[in-house]
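Remarks on the structure that follows.
Keep in mind the model is a prediction, meaning the values are calculated, not measured.
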Amino acid sequence: MPIYEYHCDSCGNQQEHLQKVSDAEIKTCPKCGKNTYRKLISAAGFQLKGSGWYETDFKNEGKCPAKSPACAACPAGGD
């Protein structure tokens with residue numbers, strides 16, 4: 001489930017809430033009780049790092065990067 005960040009325009013309260021994508025937006029501030037609570041737009045909370053991603057592992061599948069002695073053992077035959 002995504003984490004959404006909310007801010008109250010009346011009291012300045014700012015909190016994160018764990019909600020389903022299909023859940024209704026929270027309108028009432030849990031701190032002051034006024035209907036001035038709004039959802040903020042923030043950056044995504046994940047990053048794609050490490051090996052195993054397209055750019056590093058699958059882009060040149062079946063091809064060797066250069067002709068070299070190690071490439072002779074390559075299943076692609078050094079192409």
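- Side chain to side chain, E5 and Q15 fail the donor-acceptor criterion of an N or O pair below 3.5 Å.
- Taking all atoms of both residues into account, the shortest heavy-atom contact from C32 to C29 is N-SG, 3.5 Å.
- Summarising the geometry of Y6 relative to K39, their closest heavy-atom pair is OH-CE, 3.5 Å, with the distance given to 0.1 Å.
- Contact of the T36 side chain with the K27 side chain is not registered, since no non-hydrogen atoms from C-beta on lie closer than 4.5 Å.
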Checking Q19 against I26 for the side chain to side chain contact (heavy atoms under 4.5 Å, CB included) test, could you report, in this order, the C-alpha distance in whole Å, the side-chain angles of both residues, the deciding distance, and whether it holds?
CA-CA 10 Å; Q19 293 181 284; I26 301 169; 3.6 Å; yes

* To do: Given side chain to side chain contact (heavy atoms under 4.5 Å, CB included), test H17 with D23 step by step and report yes or no.
  => CA-CA 11 Å; H17 296 275; D23 285 349; over 6 Å; no

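- Enclosure of atom NZ in K34 is not indicated, since only 12 or fewer non-hydrogen atoms of other residues, nucleotides or ligands lie within 6.0 angstrom.
- Counting all heavy atoms, side chain and backbone alike, L18 lies closest to M1 at CD1-O, 3.3 Å.
- Considering only heavy atoms from C-beta on, Y4 comes within 4.5 Å of V21 through its side chain.
- Between H7 and Y37, the gap from one ring centroid to the other reaches at least 6.0 Å.
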